[in-house]
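Accompanying notes for the structure given below.
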Amino acid sequence: QVQLVESGGGLVQAGGSLRLSCAASGRTFSRYAMGWFRQAPGKEREIVAAISWIGTTYYVDSVKGRFTISRDNAKNTVYLQMNSLKPEDTAVYYCAADRNPGSALSTTLARDEYDSWGQGTQVTVSS
């Protein structure tokens, strides 16, 4: 497993922006896909975005065009840039690391594919 530490959450008005960061340690970061998930009160944890080890990306439809996932392998860090935030984006956001190295992006969209999770960071968007 890998240790993950998120930062960057907070309170923002609708239309604003936040950038989440997730620093990883404990294994070869560059060989693993990374994902961002979120969980709102009373709802299931859902995938928001994923980035494969070669940099291909996936976004859930509700954030396409507003969120951008990226990774800096030199810093062992994955980012989630969130623009044009909406109240419905309010949730605890978690980063996660894929359990298998070198996975194709299509296999990294389910929660079960991830074996390491950060502690979560709260994002609150006010209307």
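- Within a 6.0 Å radius of CD in Q119, other residues, nucleotides and ligands contribute more than 12 heavy atoms.
- Partners of S17 by side-chain hydrogen bond (donor to acceptor under 3.5 Å, both in side chains), not counting sequence neighbours, listed by chain and number: N83.
- Legend: residues meeting side chain to side chain contact (heavy atoms under 4.5 Å, CB included) with S103, ordered by chain and number and at least two apart, are D98, N100, T107, T108.
- Applying the salt bridge (Lys or Arg N to Asp or Glu O under 4.0 Å) rule to R19 yields no partners; only residues at least two apart in sequence or on another chain are considered.
- Residues satisfying the salt bridge (Lys or Arg N to Asp or Glu O under 4.0 Å) criterion with D61, sequence neighbours excluded, are K64.
- A pairwise comparison of heavy atoms in S127 and A14 identifies CA-CB, 4.4 Å as the closest pair.
- Qualifying salt bridge (Lys or Arg N to Asp or Glu O under 4.0 Å) partners for R66, counting only residues two or more places apart in sequence or in other chains: D89.
- The shortest heavy-atom contact between G120 and E6 is N-OE1, 2.6 Å.
- Not counting sequence neighbours, the partners of S52 by the side-chain hydrogen bond (donor to acceptor under 3.5 Å, both in side chains) test are T56.
- Among pairs with a residue in residues 105-119, those fulfilling salt bridge (Lys or Arg N to Asp or Glu O under 4.0 Å) read R27-D115, at least two apart in sequence or across chains.
- The one candidate from V48, V63, L80 that meets the side chain to side chain contact (heavy atoms under 4.5 Å, CB included) condition with I69 is L80.
- Hydrophobic clustering (side-chain heavy atoms under 4.5 Å, transitive across Ile, Leu, Val, Met, Phe, Trp, Tyr) keeps V2 apart from V5.
- Among pairs with a residue in residues 77-127, those fulfilling ring-ring contact (aromatic ring centres under 6.0 Å, His included) read F37-Y114, F37-W117, at least two apart in sequence or across chains.
- Here Q3 pairs with nothing under the side-chain hydrogen bond (donor to acceptor under 3.5 Å, both in side chains) rule; sequence neighbours left out.
- Side-chain contact between M82 and L20 is present, with at least one heavy-atom pair separated by less than 4.5 Å.
- Considering only residues two or more places apart in sequence or on other chains, E88 meets the salt bridge (Lys or Arg N to Asp or Glu O under 4.0 Å) condition with none of them.
- Between Q122 and T90 there is a side-chain heavy-atom pair separated by less than 4.5 Å.
- Put simply, the side chain of V78 reaches to within 4.5 Å of the side chain of W36, judged on heavy atoms.
- Both tests do not hold together for R71 against Y32: distance to the six-membered ring centre under 6.0 Å, angle to the ring axis within 45°.
- Between the CD atom of Q13 and the CG atom of L11 there is a distance of 8.0 Å, given to the nearest 0.5 Å.
- Nearest approach of K43 to Q39, heavy atoms of both residues: O-NE2, 3.2 Å.
- Across T68 and Y59, no two heavy atoms sit closer than the pair CA-OH, 3.3 Å.
- Scanning for side chain to side chain contact (heavy atoms under 4.5 Å, CB included) contacts around T28 gives S30, R31, with sequence neighbours left out.
- Listed by chain and residue number, nothing satisfies the side-chain hydrogen bond (donor to acceptor under 3.5 Å, both in side chains) test with S70 (two or more places apart in sequence, or in another chain).
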